[in-house]
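Okay, so here's the structure we're looking at.
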Protein chains: 2
Amino acid sequence: MSTKFNKNMSQKQSTKQRAARFKATRKQHRLETAEDYTELIADLIKQKGEARTCDIAKLKGVSHVTAIRAIRRVKELGYLNSEPRKPITLTKKGKKLAEFCKKRHELVVSLFIKLGVPQDIAEKDAEGAEHHISSKTLDAIEKYVKS
Amino acid sequence: MSTKFNKNMSQKQSTKQRAARFKATRKQHRLETAEDYTELIADLIKQKGEARTCDIAKLKGVSHVTAIRAIRRVKELGYLNSEPRKPITLTKKGKKLAEFCKKRHELVVSLFIKLGVPQDIAEKDAEGAEHHISSKTLDAIEKYVKS
DNA sequence: GTTGACATGTAGCCTAAGCTACATTAATCT
DNA sequence: AGATTAATGTAGCTTAGGCTACATGTCAAC
Ligand SMILES: [Mn+2]
Ligand SMILES: [Mn+2]
Ligand SMILES: [Mn+2]
Ligand SMILES: [Mn+2]
């Protein structure tokens with residue numbers, strides 16, 4: 001039947017769309033470590049003059065071993081330079097990413113605060129949510145926050 | 001010096017706070033699979049009358065093997081019942097979770113749409129962001145969306 | 001009642017992200 | 001200088017979540 005055919009097609013279509021959304025979320029998660037670490041390293045450099053592994057680990061709330069290995073992967077992605085027992089620096093690409101992430105983080109926090117969420121909760125929720133905010137959504141948030 | 005002492009204390013404090021936020025994000029991620037699968041299973045049961053592994057896998061955009069193992073873990077958490085080669089059902093606890101997740105999902109989508117984000121992008125970003133929205137923030141979103 | 005297609009299950013692999021325990025290097029203090 | 005402390009690194013383990021390849025079960029059509 002034509003009806004059945006159409007129903008099957010549209011169902012298959014919406015299935016694919018929904019799957020695509022989950023795939024997008026998984027992609028965002030794969031970038032999350034790089035984003036959080038570069039943002040954090042930029043903060044440390046600004047505040048302390050240098051970013052050392054142990055401080056990064058403390059700020060991130062993980063063991064120094066976890067930090068070391070994450071830093072290695074972020075380095076392999078080209079966002080930072082690190083040599084044994086030396087403080088970590090950001091590459092140009094890393095600085096760009098850190099700057100973007102900081103701005104995005106602040107916008108998401110501002111959104112939540114403008115909606116009436118207490119500062120500390122806004123900060124907490126933003127830390128996770130920020131990685132799922134696409135550029136279009138970010139633009140929309142910026143308009144709302146600055147209005 | 002007292003100055004130095006105070007500075008160190010407040011620095012240590014804010015370090016702990018920031019680490020706590022990252023820890024909260026990791027905790028939210030550990031719940032994410034259970035949330036998405038139960039929501040999805042509830043949808044399938046509503047739309048098709050039953051939730052079968054292969055349909056869950058297709059909707060989630062993963063291989064059926066990945067789905068099988070995720071379903072096992074969600075079952076171990078007490079959200080669903082599954083027996084070999086039978087369709088999956090939700091426990092009372094699972095139905096509660098699915099209902100909550102559906103509502104939260106819709107509210108986050110509505111928020112983005114109200115901010116001017118196109119529907120498809122709103123859906124995509126919400127799929128990831130929803131898991132990082134605490135109850136306080138959800139309340140704030142609900143107020144804004146329904147105003 | 002065979003056959004073929006689709007669903008389900010198992011085996012075995014990978015990577016990311018977490019951990020503890022131990023080893024080594026660097027810095028600080030007496 | 002020597003000892004203590006802190007930082008960094010290594011080894012080795014776990015779990016979650018992804019995959020392919022292969023095996024088995026179910027069901028409908030012929
Ligand atoms: Mn973050
Ligand atoms: Mn997330
Ligand atoms: Mn989701
Ligand atoms: Mn959802």
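All chains are named by letter (A, B, ...) in the order of the sequence lines, taking the proteins before the strands, and each is independently numbered beginning at 1. Both backbone and side-chain heavy atoms feed into the values below; hydrogens, waters and symmetry mates do not.
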Can B:Cys54 and B:Ile56 be said to form a side-chain contact (heavy atoms from CB on, under 4.5 Å), step by step? CA-CA 5 Å; B:Cys54 66; B:Ile56 295 168; over 6 Å; no
Along DNA chain D, first and last positions that approach a heavy atom of chain A under 4.0 Å: D:dA7 to D:dG18
In terms of side-chain geometry, is the basic nitrogen of A:Arg18 or B:Asp43 positioned less than 4.0 Å from the acidic oxygen of its partner? yes
Atom-to-atom span, NZ of A:Lys60 to P of C:dG18 - whole angstrom: 5 Å
Starting at CD of B:Glu83 and ending at P of C:dT8, how long is that distance when rounded to a whole Å? 14 Å
Shared-cluster residues of B:Val109, by chain and number - hydrophobic side chains joined below 4.5 Å: B:Ile113
Considering all heavy atoms, the nearest B:Gly128-A:Thr25 contact: N-OG1, 3.5 Å
Under the salt bridge (charged side-chain N to carboxylate O under 4.0 Å, His left out) rule, collect the residues that match up with B:Lys23, sequence neighbours excluded. none
Hydrogens and angles aside, do B:His132 and B:His29 bring a side-chain donor and acceptor to less than 3.5 Å of each other? yes
Whole-Å distance, B:Ile56 CD1 to C:dG9 P, equals 11 Å
Near DNA chain D, counting only heavy atoms under 4.0 Å, which residues of residues 61-81 of chain B show up? B:Val62, B:Ser63, B:Val65, B:Thr66, B:Arg69, B:Arg73
Identify whether the distance between the nearest side-chain nitrogen and carboxylate oxygen of B:Arg104 and B:Glu35 falls below 4.0 Å. yes
DNA chain D contacts among residues 25-43 of chain A, heavy-atom distance under 4.0 Å: A:Arg26
Listed pairs under 3.5 Å, donor-acceptor, residues 115-124 of chain B side chains, sequence neighbours left out:
unit_1	atom_1	unit_2	atom_2	d
B:Gln119	NE2	B:Glu123	OE2	3.3
B:Glu123	OE1	B:His105	NE2	3.2

One thing to verify: whether B:Glu99 and B:Lys103 come together as a salt bridge, which I'm taking to mean a side-chain N less than 4.0 angstrom from a carboxylate O. no
Lys/Arg-Asp/Glu bridge criterion (N-O < 4.0 Å) met for B:Arg52, B:Asp55: yes
